[in-house]
Amino acid sequence: MLLYNVTTIIEDNSADRWLQWMQEIHIPQVMQTGLFVSNRLLKVVDSPNEGVTYCAQYIAENMDNYLAYQDKFAPALLAEVNENFKNQQVSFTSLMEYIA
């Protein structure tokens with residue numbers, strides 16, 4: 001099992017709109033790919049950054065599913081994020097493997 005984490009720092013004045021968009025549009029689109037088995041959205045409470053920091057996490061059963069997502073769906077979904085929140089957010093990703 002793999003955990004795909006997307007950390008986003010969003011400007012304060014865009015945070016509410018971003019959160020609603022994530023919950024109503026983006027996360028459902030990611031899950032509709034069928035390549036992740038679950039997801040969660042977290043708010044970082046002790047972030048040293050300006051703005052609001054969130055982590056969207058998606059669980060993939062295997063590397064093939066993660067790579068298929070990256071190849072077939074991620075570019076278009078990332079373009080949507082940039083279109084809707086251009087110059088209002090910065091994101092970075094990490095991929096983690098479950099040990100226990």
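If you're wondering where the values come from, they're calculated on a predicted model, not measured in any experiment.
- Ile10 approaches Phe85 most closely through the heavy-atom pair CD1-CD2, 4.1 Å.
- Listed here is the closest heavy atom pair of Met63 and Leu95: CE-CD2, 4.0 Å.
- Placement of Ile25 and Val6 within a single hydrophobic cluster is found when ILVMFWY residues are connected by side-chain heavy-atom separations under 4.5 Å, directly or transitively.
- Thr33 places a side-chain N or O within donor-acceptor distance of the main-chain N or O of Val30, the cut-off being under 3.5 Å.
- Between the side chains of Glu61 and Tyr66, no donor-acceptor pair is found at a separation under 3.5 Å.
- Within the 4.5 Å cutoff, the side chain of Gln89 has heavy atoms near those of the Val81 side chain.
- Minimum interatomic distance between Met22 and Ala56 (heavy atoms only, all atoms of both residues): CE-CB, 3.9 Å.
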Please evaluate residues Ile59 and Asn39 with respect to the criterion side chain to side chain contact (heavy atoms under 4.5 Å, CB included), reporting the C-alpha separation (whole Å), side-chain torsions for both, the decisive distance (0.1 Å), and the verdict.
CA-CA 6 Å; Ile59 308 300; Asn39 70 86; over 6 Å; no
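- Of all heavy-atom pairs spanning Met31 and Tyr58, the tightest one is SD-CD2, 4.1 Å.
- Judged by distance alone, with hydrogens and angles left aside, the side-chain atoms of Asp71 form no donor-acceptor pair with the main-chain N or O of Leu67 at under 3.5 Å.
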Start with the C-alpha gap between Tyr54 and Thr7, add the side-chain angles, then the distance that decides, and say whether side chain to side chain contact (heavy atoms under 4.5 Å, CB included) holds.
CA-CA 6 Å; Tyr54 291 97; Thr7 301; over 6 Å; no
Please test Met1 against Glu97 for side chain to side chain contact (heavy atoms under 4.5 Å, CB included), starting from the C-alpha separation and ending with a verdict.
CA-CA 6 Å; Met1 297 281 277; Glu97 182 177 29; over 6 Å; no
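- In this structure the side chain of Leu41 reaches within 4.5 angstrom of the side chain of Leu19, judged on heavy atoms.
- Between Ile9 and Glu50, the shortest heavy-atom contact is CG2-O, 3.3 Å.
- Using a 4.5 Å heavy-atom threshold, the side chains of Thr8 and Phe92 count as separate.
- Here the CG atom belonging to Leu3 is positioned 9.5 Å from the CZ atom belonging to Phe36, to the nearest 0.5 angstrom.
- Nearest heavy atoms, Asn62 versus Asn65: OD1-N, 2.8 Å.
- The aromatic rings of Trp21 and His26 lie parallel to each other, with less than 30° between the two planes, well short of the 60° mark.
- From Ser91, atom OG reaches atom CG of Asn82 across 8.0 Å, with rounding to the nearest 0.5 Å.
- The shortest side-chain heavy-atom distance between Glu11 and Trp18 does not fall under the 4.5 Å cut-off.
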I'd like to know whether Glu83 forms a side chain to side chain contact (heavy atoms under 4.5 Å, CB included) with Leu78, so could you lay out the CA-CA distance, the side-chain angles of the two residues, the decisive distance to 0.1 Å, and finally the verdict.
CA-CA 9 Å; Glu83 179 181 317; Leu78 179 59; over 6 Å; no
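- Of the N and O atoms on the side chains of Ser14 and Asp12, not one donor lies less than 3.5 Å from an acceptor on the other residue.
- A side chain to side chain contact (heavy atoms under 4.5 Å, CB included) with Thr53 is found for exactly one of Val45, Leu42, Val44, namely Val44.
- Phe73 places a side-chain heavy atom less than 4.5 Å from the side chain of Leu35.
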